[in-house]
Amino acid sequence: MTETESTETVGNFCNSCGRNIVAVENSVTFKCPNCSSQIARCGKCRSRGVQYACRVCGFLGP
Ligand SMILES: [Zn+2]
Ligand SMILES: [Zn+2]
């Protein structure tokens with residue numbers, strides 16, 4: 001088994017914990033308020049109020 005062709009889900013990993021958001025309920029993707037790059041957040045981090053940091057501009061927030 002090889003996994004060399006599974007790059008279609010770029011951007012679907014939680015920005016806070018790195019989990020694949022497809023596997024977590026209530027996950028969201030949205031654009032950074034500061035630089036409009038895509039951010040993903042899983043349902044667990046949302047319910048816990050975990051901070052995220054934009055990987056592009058460093059914006060912190062919920
Ligand atoms: Zn998360
Ligand atoms: Zn940003």
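First listed ligand is number 1; within each ligand, the first listed atom is number 1.
Proximity of Q38 to K31: side-chain heavy atoms (C-beta onward) are nowhere separated by under 4.5 Å.
Exactly one of S47, S16, S27 qualifies for a side chain to side chain contact (heavy atoms under 4.5 Å, CB included) with C42. That residue is S27.
In terms of modelled atom types and a separation under 3.5 Å, the side chain of S37 and the main chain of C32 share no donor-acceptor contact.
Angle SG(C32) to the Zn ion (ligand 2) to SG(C57), rounded to 10°: 110°. Here the angle centred on the Zn ion (ligand 2), running from SG of C35 over to SG of C54, is 110°, rounded to 10°. For C45 atom SG and C14 atom SG, the angle they make at the Zn ion (ligand 1) is roughly 110°, to 10 degrees.
Note: Y52 and F59 have tilted aromatic rings, judged against thresholds of 30 and 60 degrees for the angle between ring planes.
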